[in-house]
Asker: 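To start, I am sharing the structure in question, which I have written as structure tokens.
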Amino acid sequence: MSKDLRVAIVDDEPLAAERLAQLVADVPGFQVVLQAANAKEAYAMIEAQCPDLVLLDISMPGEDGLTLAKRLQQLSRPPAVVFCTAFDQHALQAFDVRAIDYLLKPIRRDRLRESLLRVQQVLQARVQEATKAFVAASVGGVIRRIALEDIHYLQSDEKYTVAHHRGGEHVLDQTLKELEAQFPGQLI
């Protein structure tokens with residue numbers, strides 16, 4: 001990832017939010033693009049500005065950080081979430097809402113750096129997975145993605161194609177000709 005990751009800080013304590021922003025600024029590859037003091041304000045700003053990462057407090061007036069994290073997962077492009085809180089009792093719930101990390105206040109510089117690097121790795125892996133070429137097979141009403149790199153060979157069967165791959169074989173709803181048009185030069 002060549003561009004800086006865009007970070008949102010959501011914390012109702014202004015001093016804690018400012019300190020966190022300063023710590024983030026010390027880590028190359030990350031840029032704080034917004035700060036919010038409550039979940040309502042944060043959701044609107046995050047929806048509009050699409051940050052890559054939200055550093056999120058749990059205990060705030062009104063909607064808490066766990067509830068906000070659940071709502072953020074419904075966005076078309078949900079940000080990564082790292083909780084930054086003074087309370088350790090919410091850690092299991094945090095990972096239920098797909099948090100990448102859970103930091104206890106006061107946030108230590110080295111621990112934040114470690115967490116940000118973990119986020120960077122996770123987001124990079126997501127981008128790589130999203131850009132991977134794949135075909136789709138319907139298996140018992142469930143769509144299964146098969147990466148092109150996992151396919152050993154394709155076998156034409158009238159209007160269908162059988163993909164023989166690392167995990168077995170599946171029938172595709174596309175003809176071999178349609179697949180060749182969809183993936184020019186990738187099917188050898």
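Residue numbers start at 1 and run along the sequence shown. Only a predicted model underlies this, so the values are computations on that prediction, with no experimental measurement involved.
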Asker: Going by the rule side chain to side chain donor-acceptor pair (under 3.5 Å), which residues pair with Q121 if we only count those two or more places apart in sequence or in a different chain?
Answerer: none
Asker: Below 4.5 Å, heavy atoms only, C-beta onward: do L176 and D157 meet side chain to side chain?
Answerer: no
Asker: Just distance, no hydrogens or angles: give the donor-acceptor pairs under 3.5 Å from side chains in residues 78-97, sequence neighbours left out.
Answerer:
| residue | atom | partner | partner atom | Å |
| --- | --- | --- | --- | --- |
| T85 | OG1 | F87 | N | 3.3 |
| H90 | ND1 | Q93 | OE1 | 3.2 |

Asker: Could I get the full list of side chain to side chain donor-acceptor pair (under 3.5 Å) partners for R144, not counting sequence neighbours?
Answerer: none
Asker: Flag the pair V135 / H170 as yes when at least one side-chain heavy-atom distance between them is below 4.5 Å, and no otherwise.
Answerer: no
Asker: Does one hydrophobic cluster hold both L5 and L103, with members joined at side-chain heavy-atom distances below 4.5 Å?
Answerer: yes
Asker: Would you please test D57 and V10 for side-chain contact (heavy atoms from CB on, under 4.5 Å) and show each step?
Answerer: CA-CA 6 Å; D57 191 13; V10 182; over 6 Å; no
Asker: So S138 and I143, do their side chains get closer than 4.5 Å, heavy atoms only?
Answerer: yes
Asker: What verdict does the salt bridge (Lys or Arg N to Asp or Glu O under 4.0 Å) test give for K105 and D11, after you've listed the backbone C-alpha separation in whole Å, the side-chain angles of each residue and the deciding distance to 0.1 Å?
Answerer: CA-CA 12 Å; K105 292 178 180 177; D11 196 318; 2.6 Å; yes
Asker: Under the 4.5 Å side-chain heavy-atom rule for ILVMFWY, direct or indirect, which residues accompany V162?
Answerer: Y160, V171
Asker: Listed by chain and number, what are the side chain to side chain donor-acceptor pair (under 3.5 Å) partners of T161, not counting sequence neighbours?
Answerer: none
Asker: Same cluster for I58 and V54 if Ile/Leu/Val/Met/Phe/Trp/Tyr side chains link at under 4.5 Å?
Answerer: yes
Asker: How long is the span from the CG atom in D12 to the CE atom in M60, to the nearest 0.5 Å?
Answerer: 6.5 Å
Asker: So which atom in A133 and which in F183 form the shortest heavy-atom distance, rounded to 0.1 Å?
Answerer: CB-CE2, 4.0 Å
Asker: Verify the neighbour count for atom CZ of R118: are there more than 12 heavy atoms of other residues, nucleotides or ligands below 6.0 Å?
Answerer: yes
Asker: Could you list the residues that satisfy side-chain contact (heavy atoms from CB on, under 4.5 Å) with L117, not counting sequence neighbours?
Answerer: R113, Q120
Asker: Show which side-chain atoms of residues 13-27 pair as donor or acceptor with protein atoms under 3.5 Å away, not counting sequence neighbours.
Answerer:
| residue | atom | partner | partner atom | Å |
| --- | --- | --- | --- | --- |
| R19 | NH1 | I107 | O | 2.6 |
| R19 | NH2 | I107 | O | 3.1 |
| D26 | OD2 | R109 | NH1 | 2.5 |

Asker: Keeping to residues at least two apart or across chains, list the salt bridge (charged side-chain N to carboxylate O under 4.0 Å, His left out) pairs with something in residues 58-85.
Answerer: D52-R77, E63-R71
Asker: List for me each residue that meets salt bridge (Lys or Arg N to Asp or Glu O under 4.0 Å) alongside R108, sequence neighbours excluded, and say none if there are none.
Answerer: D110
Asker: Between Y102 and I100, is there shared hydrophobic-cluster membership here, with clusters defined by ILVMFWY side-chain heavy atoms closer than 4.5 Å?
Answerer: no
Asker: Hey, are the side chains of H164 and I151 touching, using non-hydrogen atoms and a 4.5 Å cut-off?
Answerer: no
Asker: Scan residues 167-181 for pairs that pass salt bridge (charged side-chain N to carboxylate O under 4.0 Å, His left out), counting only residues two or more places apart or in two chains.
Answerer: none
Asker: Pairs under 3.5 angstrom only: tabulate donor-acceptor contacts from the side chains of residues 28-47 to other protein residues two or more places apart or in another chain.
Answerer:
| residue | atom | partner | partner atom | Å |
| --- | --- | --- | --- | --- |
| N38 | OD1 | K40 | N | 3.2 |
| N38 | OD1 | E41 | N | 2.7 |
| E41 | OE1 | A37 | N | 2.8 |

Asker: My understanding is that a hydrophobic cluster links ILVMFWY residues whose side chain heavy atoms are under 4.5 Å apart, including indirect links. Using that, what else belongs to the cluster containing Y153?
Answerer: none
